[in-house]
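These notes are about the structure you will find just below.
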Amino acid sequence: IQGMPYGNCLLLSDGPVNNSTGIPFFYVTPKDNTVVDLLKNPVASLTLPEADGNLCRKNVIDPEDPRCARLTLTGQMVTVPPEEVEFAKQAMFSRHPVVRKWPRSYEWFFMKMNIEHIWLQSWYGEVSAIAVEE
């Protein structure tokens, strides 16, 4: 819907397994309406559930349960500059090897989020701001 925000699931990686950076990288195609929208208006948010936290894992609680923490990052989505493409490629392909087999005709490229704000929500809505530097 023109002008309306919506959510989408995209593969992401913040670096190879042995070199996590905290910067979310994405492998995207201009054939995806989400990417078309981001190229027009790069403001985005990304919410990550606490899939491996002690409370959720020990008590076998669904990661979407409000008792499990979630981290929300907001910022600007930008095309990865040429000098960072090799790192983005290693980051994505090491964590998601299947993307190497995706059709080349889809004109895949890398984007990343320049994080501006971080919020940690835990236990039924309690929200804490976290400094980006942390």
Tell me if a side-chain donor or acceptor on [X] pairs with a main-chain N or O of [Y] at a distance below 3.5 Å.
X     : Y      : result
Ser45 : Leu73  : no
His96 : Leu12  : yes
Thr29 : Tyr106 : yes
Arg70 : Leu120 : no
Ser20 : Gly22  : no

*asked:* If I compare all heavy atoms of Ser13 with all of Ala91, which pair ends up nearest, and what's the gap?
replied: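 Reported closest heavy-atom pair: OG-O, 2.8 Å.
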*asked:* On a heavy-atom basis, which atom in Pro16 and which in Ser94 lie closest, and how many Å separate them?
replied: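 So the two residues come closest at CA-OG, 3.4 Å.
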Working to the nearest 0.5 Å, report the span between [atom1] of [X] and [atom2] of [Y].
X      : Y      : atom1 : atom2 : value
Ile118 : Ser128 : CD1   : OG    : 12.0 Å
Ser105 : Lys31  : OG    : NZ    : 6.0 Å
Gln76  : Met111 : CD    : CE    : 10.0 Å
Met92  : Phe87  : CE    : CZ    : 11.0 Å
Ile115 : Glu133 : CD1   : CD    : 11.0 Å

*Answer yes or no: is there a side-chain heavy-atom contact under 4.5 Å between Asp14 and Arg95?*
yes
*Please report the C-alpha distance between Phe109 and Thr79 in whole Å, then the side-chain angles of each, then the deciding distance to 0.1 Å, and finally whether the side chain to side chain contact (heavy atoms under 4.5 Å, CB included) criterion is met.*
CA-CA 8 Å; Phe109 68 100; Thr79 300; 3.9 Å; yes
With a 4.5 Å cut-off on side-chain heavy-atom distances among I, L, V, M, F, W and Y, is there a chain of contacts connecting [X] to [Y]?
X      : Y     : result
Phe26  : Val35 : yes
Val78  : Ile23 : no
Trp102 : Val80 : yes
Met77  : Leu39 : yes
Trp119 : Leu48 : no

*Apply side chain to side chain contact (heavy atoms under 4.5 Å, CB included) to Met113 and Leu46, showing your working.*
CA-CA 9 Å; Met113 177 182 275; Leu46 171 64; 4.1 Å; yes
*Under the side chain to side chain contact (heavy atoms under 4.5 Å, CB included) criterion, do Val132 and Glu116 qualify, and how do the steps go?*
CA-CA 7 Å; Val132 174; Glu116 296 172 357; 5.7 Å; no
*Thr47 and Thr72 side chains, donor-acceptor separation under 3.5 Å*: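 Yes, Thr47 and Thr72 have a side-chain donor paired with an acceptor closer than 3.5 Å.
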*Using the six-membered ring wherever Trp is involved, compare the ring planes of Trp108 and Tyr27 and label them parallel, tilted or perpendicular (cut-offs 30° and 60°).*
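Plane angle under 30°, so parallel.
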*Can you check side chain to side chain contact (heavy atoms under 4.5 Å, CB included) on Asp32 and Asn8, steps first, answer last?*
CA-CA 10 Å; Asp32 181 334; Asn8 196 356; 3.5 Å; yes
